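Below is one structure; the comments refer to it alone.
Note that these values count all heavy atoms, side chains included, but never hydrogens, waters or copies made by symmetry. On a predicted model such as this, the values are computed, not experimentally measured, just so you know.
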Amino acid sequence: MRKFFVAAAAAFFASQASAQTPPPPKLLVVLSVDQFSADLFDEYRPQFTAGLARLASGAVFHNGYQSHANTETCPGHSTILTGDRPARTGIVGNTWIDQSLSRPDKVVYCAEDTNAPGSNSKNYKVSPVNLRVPTLGELMKARWPQSRNVAVAGKDRAAVMMSGHRTDQRWYWNGKQFVTDLAGAPVPASIGAINTATARELAAPAAPLQPTPFCSAKAQPIPVESHAPVGAGAFARKAGDVDAFEASPEFDGSILAAAAALVREMRLGQGSSPDVLSVGLSATDYVGHRYGTEGQEMCLQLMSLDWDIGDFLKFLDNSGVDYAVVLTADHGGQDLPERLRLHGVADAQRVDPGLAASAVGKAIGARLNLTGPVLFGDVSGDTYIDASLPAADRARVLAEAVRTYKAHPQVAAVFTYDELERTSVPTTSPDTWSLIERARASFDPRRSGDFVVLLKEHVTPIGHVTKSVATHGSPWDYDRRVPILFWRPGFEGRTVEAAAETVDIMPTLAAMIDLPIAPQSVDGRCLDGTPAICENR
Ligand code: ZN
């Protein structure tokens, strides 16, 4: 016996869906707010009145996850438009160590080309060669040769990881001006105008911002050992102070201005095929590092960002382009331990500088009668054993290092290369992952360390403060959980409590523009409840 209802109903629902579905947007705008944790988004959401409020009226996944353990800028940006976690993008950190390099500097910067003559991790040739997978923009260009893939960011690694290998325009701030690594691409005239305007702004002093009552209530100077107190600043800036400029709302204003200039000059979203514009807004990260996340400074930064994104969206409205926006972050962040303790987080502390790989390596070398550095790495994360040691000595060093780190009261876990290689990439919801599953999502067999050290929750991996007072990079949710907001004109969204991942952004945007993505070809999945119609995939 045949059943007719299901087929008829499916046809009816399909016709309803197609009747309600607007045509695909012509411009995808991808905003990455560096170090914008979901904790900050949740706290400030009721305060937003402009651009961030508009985006928060769309589909809001406030339990978004940069699901991997090594929550740094380069891995985080590598997930957003590839649909893949760092275990597949190959971007395991902002840097990693390659002891086989012939140059003296064995540290690899994530967005450098180590084969370029003279490149090293500090003074590098910017390149996407380390990114192992294509970005959305590259796949769009493969399907629609007229599609444009454009990126602008405060940091080179943000622009490189979001746009990838085939890019039409890519501009990032180099400490003085917006520059590009793309040889041969025509230089937009508007970039010169933005650079001139930014240089003029930077050359003048900046008056302090006037805090709203909500922000001034957060103004409390917090003493930090060997550092000036932070917490009550308002971005007064001396003429020409680049560090202060970058850690202020002025910086994101310049980045958004450059993005708007590229939209106008390149007529993005007005061609025959969809375009993608990635924007890396870096100031929130610099503010977080310099002042922490819970003072008046971060408050002023986020309120300014709300207004600046609002103006940017109004600019897009006025351009007449049919656009859609996604906003997320490359990682979250944690406040400085001195203020966390005042706010009741009793176990907040700075890392023991004795956990530095150099210090631990020296002690192990003395115990095992070995010469040389023995270990390479930082106070946590990927740690490498000196490859020039004989295999038997390397095995002894590994056993001794694992024992030493595990015995330290600030260490949560140590996982060896072999343990991570044997671990399956998890398929469950990222909020339920164990520590080794988080570390597995950061593991690349050719780039990861001989072992990885994970610090306990609320241990800040800055021992003695010299510059940054606070940071990120841990496997804990204050660093992993980020907002993911999808917005399109006319789309009424809602807040979704279920966990999502930043790797879901790429397949969701692909569905929105009818770009087929082969099932299982990426780690992410199309998210329902967004302007994308996933069931058509
Ligand atoms: Zn970052």
### Task
Measure the CG-CD distance between D477 and Q334 for me, rounded to the nearest 0.5 Å.
12.0 Å

### Message
Evaluate R143 against D514 for salt bridge (Lys or Arg N to Asp or Glu O under 4.0 Å), listing each step before the verdict.
### Response
CA-CA 11 Å; R143 181 167 177 90; D514 292 334; over 6 Å; no

### Query
Quick one: does S119's side chain get under 4.5 Å of D113's, heavy atoms only?
no

### Query
When you check the side-chain N and O atoms of T73 and D330, is any donor under 3.5 Å from an acceptor?
yes

### Query
With under 30° as parallel and over 60° as perpendicular, where do the rings of F61 and F486 fit, or are they tilted in between?
perpendicular

### Task
Measure the spacing between CZ of R132 and NE2 of H165 and express it to the nearest 0.5 Å.
10.0 Å

### Message
Angle between ring planes, W487 versus Y323, binned at 30° and 60°: parallel, tilted or perpendicular?
### Response
tilted

### Query
Where do A510 and I517 come nearest, in terms of heavy atoms and distance?
CB-CG1, 3.5 Å

### Summary
In short, F178 meets A153 closest at the heavy-atom pair CE2-O, 3.9 Å

### Query
Taking it one step at a time, do S468 and T471 satisfy side chain to side chain contact (heavy atoms under 4.5 Å, CB included)?
CA-CA 7 Å; S468 292; T471 194; 5.5 Å; no

#### Entry: Any side-chain heavy-atom pair of F41 and V60 under 4.5 Å
yes

### Query
Taking atom OG of S163 and atom CG of N149, what is their separation to the nearest 0.5 Å?
5.5 Å

### Query
Any donor and acceptor pair, going by atom type alone, linking the side chain of S442 with main-chain N or O of A439 inside 3.5 Å?
no

#### Entry: Heavy-atom side-chain proximity of T114 to L101 below 4.5 angstrom
yes

### Side chain proximity check, D322 to L27, heavy atoms < 4.5 angstrom
no

### Query
Do the non-hydrogen side-chain atoms of L509 and V30 ever get within less than 4.5 Å of each other?
yes

### Task
Using modelled atom types only, decide if a donor and an acceptor are shared between the side chain of D386 and the backbone of P373 within a distance under 3.5 Å.
no

### Query
Between K155 and D285, is there a side-chain N and carboxylate O pair less than 4.0 Å apart?
yes

### Query
Side chains of Y109 and K122: closer than 4.5 Å at any heavy-atom pair?
no

### Message
Side chains of Q146 and S272 only: does a donor on one sit below 3.5 Å from an acceptor on the other?
### Response
no

### Task
For the pair E72 (side chain) and N94 (backbone), establish whether a donor and an acceptor sit closer than 3.5 Å, ignoring hydrogens and angles.
yes

#### Entry: Step-by-step side chain to side chain contact (heavy atoms under 4.5 Å, CB included) determination, I484 to D504
CA-CA 10 Å; I484 304 174; D504 300 332; 5.9 Å; no

### Message
Looking at P426, is its backbone amide N or carbonyl O close enough to the side chain of S424 to form a donor-acceptor pair, meaning the two atoms are under 3.5 Å apart?
### Response
no

### Query
What are the two closest non-hydrogen atoms of L81 and S278, and how far apart are they?
CD1-OG, 3.3 Å

### Message
Given 3.5 Å as the limit, does a donor-acceptor pair link the side chain of S448 with the main chain of R446, or not?
### Response
no

### Query
Do side-chain atoms of T82 reach the backbone of D84 as a donor and acceptor pair under 3.5 angstrom?
yes

### Query
Are side-chain heavy atoms of T95 and V108 found at a separation under 4.5 Å?
no

### Query
Can E201 and T198 be said to form a side chain to side chain contact (heavy atoms under 4.5 Å, CB included), step by step?
CA-CA 5 Å; E201 183 179 338; T198 305; 5.6 Å; no

#### Entry: Ion pair R525/E501, N-O distance below 4.0 Å
no

### Message
Please tell me whether T502 and T79 have a donor and an acceptor in their side chains that are separated by less than 3.5 angstrom.
### Response
yes

#### Entry: From CZ (R267) to CG (D275), nearest 0.5 Å
11.5 Å

### Message
Against T89, only a single residue in L131, D523, N130, V503 fulfils side-chain contact (heavy atoms from CB on, under 4.5 Å); can you say which?
### Response
L131

### Task
Answer yes if the side chains of Y286 and D243 hold a donor-acceptor pair under 3.5 Å, and no otherwise.
no

#### Entry: E112 bridged to R103 by N-O distance under 4.0 Å
yes

### Query
Would you say T71's side chain and S474's backbone share a donor-acceptor pair under 3.5 angstrom?
yes

### Whether H472 and H331 hold their rings parallel, tilted or perpendicular, with breakpoints at 30° and 60°
parallel

### Message
Does either side chain, that of T416 or that of D418, offer a donor lying less than 3.5 Å from an acceptor on the other one?
### Response
no

### Query
Atom CZ in R422, atom CZ in R440: separation rounded to 0.5 Å?
12.5 Å

### Summary
When D306, T293, D252 are each screened for side chain to side chain donor-acceptor pair (under 3.5 Å) with Q301, the one that passes is D252

### Task
State plainly whether the residues R480 and D431 are in salt-bridge range, i.e. N to O under 4.0 Å.
no

### Query
Are Q66 and I80 close enough that some pair of their side-chain heavy atoms sits under 4.5 Å apart?
yes

#### Entry: Audit row: L327, V33, side chain to side chain contact (heavy atoms under 4.5 Å, CB included) steps and yes/no
CA-CA 7 Å; L327 181 142; V33 179; 3.9 Å; yes

### Summary
In this structure, OG of S121 is separated from CD1 of I97 (nearest 0.5 Å) by 9.5 Å

### Task
Please report the C-alpha distance between R85 and E437 in whole Å, then the side-chain angles of each, then the deciding distance to 0.1 Å, and finally whether the salt bridge (Lys or Arg N to Asp or Glu O under 4.0 Å) criterion is met.
CA-CA 12 Å; R85 305 183 188 111; E437 288 175 322; over 6 Å; no

### Query
Taking the six-membered ring for Trp, are W173 and F251 ring centroids under 6.0 Å apart?
yes

### Task
Search all heavy atoms of K26 against all heavy atoms of G269 and return the closest pair with its distance.
CB-O, 3.3 Å

### Message
Please determine whether a side-chain nitrogen of the Lys or Arg among R170 and D181 lies less than 4.0 Å from a carboxylate oxygen of the Asp or Glu.
### Response
yes

### Message
Donor-acceptor pair, distance only, cut-off 3.5 Å: does the side chain of R481 make one with the backbone of Y65?
### Response
no

### Task
Identify the two heavy atoms, one from M512 and one from P25, that lie closest to each other, and give their separation to 0.1 Å.
O-CD, 3.6 Å

### Summary
All heavy atoms of A259 vs all of V152, minimum pair found to be CB-CG1, 3.6 Å

### Query
Any sub-3.5 Å donor-acceptor pair from R148's side-chain atoms to P274's backbone N or O?
no

### Query
What about F443 and Y417, are their ring centers closer than 6.0 Å?
yes

#### Entry: N63 side chain to A499 backbone, donor-acceptor under 3.5 Å
no

